[in-house]
Every structure is written in C-alpha cells, then in structure tokens.
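Everything on this sheet refers to the single structure shown next.
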Amino acid sequence: MPHLSDTAMVDAVVTWFEREARELPWRSPDRSPWGVLVSEVMLQQTPVVRVAPVWREWMKRWPAPADLAAEPQSEVIRAWGRLGYPRRAMRLRECAVALVERHGGEVPRETVELRALPGIGEYTAAAIRAFAFGEHDVVLDTNVRRVIGRAWHARPLPAAHLTKGERDHAAGLVPEEKSASALWNAGAMELGALVCTARAPRCDACVLAPSCAWVAAGSPGLDEAPRRSQAWHGTDRQVRGRVLALLRDASGPVTVTGHASLEDVEPGQLDRCLESLVADGLARLVSDERGTYAL
DNA sequence: AAGACGGGGAG
DNA sequence: CTCCCAGTCTT
C-alpha cells in the first residue's frame, strides 16, 4: 500500500524534474511566448525529436507572429514539412493573423483569449499559460494523464476521453504556488515521456514507484488494455499525405491526375482525396481540365 | 461521444 | 508490422 501523501508525490516529481529535465530548445531562457505556442502546436501528436529541427527553422524564419502572418499559406505548409497533420500549419498561420489583429502581435495569457485562437484547445492553452507565462493552470496531456492514472488510480492507460472527474482530480494535485505548479506540470509530462511510458515503463527508474498504486497492484493490464488502432496503408489519410508531399516538393502547380508517383492509387480514391484537400483549404485547383493542383 | 486527421521511429 | 505520440475540430 502506498503511503506517501499527494504533496510528497508531487514534490518528488518536481525534484526529479529539476534534476533530469531535458534541455529542449523551447525551454531555453531566451524563448518567447510565441516560441512556446509554436512548439506546443507542433508537439500535438508529433514527437520531440522530429519537432526540434523544424521549430528552430521556424523561429529563425518567423521570430514573431507578424512574420508568420505575412507569409502565404503555401510557404507555411512547405515549411511544416513532414510533421504530419498539416492542418496544424494552416491553423498556426491563422493563429498568427489573429494575434496580429486582436492582440497587437502578442500572445495573450488569459485562457479565454487563448482558447479563441485557431488550433489552441484545452491542453495547448494551459501549456502556454504554464510554460510561457508561469501561470497556475492544469496541464493535462496524454503523459500527465497516464502518470496520474497509474500512480494514483492503478490504471494502466488513460481512457480515450478526458472526464470531469479526471480533470478535477488532476486540478487538485497542482501546487498552489505558481512556480511549483509550472514545475509539476512540466515534470509530470516529462516523467510520462521518459519513464512512465505507455508500453514499456521503466518503473525501476521512477521516483513515484515506491508510492505508485499501479506498481503496488502488480502493474496489471498493459497487454489487455484496449489499443487505438489506426489503419494506415492504403487509406485516404495516406493518399492525402502523398498528394500533399507531391505538392510540397514542387515549386509550382502539379498535374496530379495520372502522376507517376500515384499510379497505384485508384482514380476514385485519388479524386475523393483531392476534393477533400481542397475542401480543407490545404490544396487548390489550378486547372480542372488537366487535373492540376497547387498548395 | 465518435470520427477524421500524418508520419516516422521504436519494439 | 503494430503501436504510439505535448490534440483539435467537426459531427
């Protein structure tokens, strides 16, 4: 039976984080709130190692919201490269425009204002407040949910959707004091990313192990836990990605229909994907007759 | 409450 | 080859 108090467990994570935190570029002392915002959007569903080089490039090229806002979307999609979910790049640019129009080109620190920005949801708003401004907030990403779920509730993996009960419990764990709250938010995330990982947790190296409810229960359920399965090969998602890669790597319009690199794609599926890309605003039709598209 | 949405590195 | 990742937005 675990016997450490909530506070002692939270403190253990904070202490561990102060010792073990990775030196990520968006954690540098000279980072800007804009840099934090960009990093958070890039990190939505994309791992740190893949984000880092792109983030550096973006900060060099577009150091402030106004710089990105002035850029054509095609260039932004190109610079996004292969980070995935290119709608994020589109929204990031829209976000930059909104920052210029509504906030004088600055990143606001209030939740309502952040949430009103394109691409900024519950998690990202809280992360920006905590990591860019040091504000007290509840940062709940998949890592923090997994850490809390295991250490406090003996659950192997978080449920698909965040519940009110889960949010309330997480809120109760955040230290009152501002700087400690930010360290807990970042530390719990870091612990989930480096130690309390989804499928191969390193409990022997975990500061919470002595008081972890899941460890105490014998670390059950990892194999039986429901997995989110996402078919990939041959799906519309893959075809959309291939079309976008084609448009990205070209300097101008491309005749997509009958293109050699898409030979194996069924014409019907290709048409459907092209139509959806145009509907999403990610691609535009240049010449209907010739099946020519561009970013 | 579901489903859609990219891509690559690790196991 | 399967699984996962600092989620968001739209039905």
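Keep in mind that the numbers below use all heavy atoms, side chains included, and drop hydrogens, waters and symmetry copies. In what follows, chains are A, B, ... by sequence order, proteins preceding strands, each numbered from 1.
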**Prompt:** Are A:R91 and A:Y85 close enough that a side-chain donor and a side-chain acceptor fall under 3.5 Å?
**Reply:** no

**Complete:** Of B:dA4, C:dC5, C:dA6, the nucleotide closest to the side chain of A:R27 is C:dA6

**Item:** Enclosure of A:E106 CD (heavy-atom neighbours >12, cutoff 6.0 Å)
**Value:** no

**Request:** May I ask you to say what A:L282 touches in the nucleic acid, namely base, sugar-phosphate or nothing, with a heavy-atom cut-off under 4.0 Å?
**Result:** nothing

**Listed partners of A:H103 passing ring pair (Phe, Tyr, Trp, His ring centres under 6.0 Å), at least two apart** = none

**Asked** Of the candidate nucleotides B:dG7, C:dA6, B:dG6, which contains the atom at the shortest distance from the side chain of A:R237?
**Response** B:dG6

**Item:** Nearest-angstrom distance, P atom, C:dT11 to B:dG6
**Value:** 16 Å

**Prompt:** A:W26 has a side chain; which of C:dT8, C:dA6, B:dA4 sits nearest to it?
**Reply:** C:dA6

**Asked** Mind checking the P distance from B:dA4 to C:dA6? Whole angstroms is fine.
**Response** 23 Å

For nucleotides 9-11 of chain C, list the nitrogen or oxygen atoms of the protein found under 3.5 Å from its nitrogen or oxygen atoms, one pair per line.
from  : atom 1 : to     : atom 2 : distance (Å)
C:dC9 : OP1    : A:G119 : N      : 2.7

Distances for protein N or O near nucleotides 8-11 of chain B N or O, under 3.5 Å:
from  : atom 1 : to    : atom 2 : distance (Å)
B:dG8 : OP1    : A:R82 : NE     : 3.4
B:dG8 : OP1    : A:R82 : NH1    : 2.4

**Message:** Can you identify which nucleotide, out of B:dG6, C:dA6, B:dG7, has its nearest atom closest to the A:R248 side chain?
**Reply:** B:dG7

**Asked** How is A:T197 classified with respect to the nucleic acid when contacts are heavy atoms under 4.0 Å: base, sugar-phosphate, or nothing?
**Response** nothing

**Request:** Give a yes or no on whether A:V54 and A:W34 share a hydrophobic cluster (residues Ile, Leu, Val, Met, Phe, Trp, Tyr; joining criterion: side-chain heavy atoms under 4.5 Å apart).
**Result:** yes

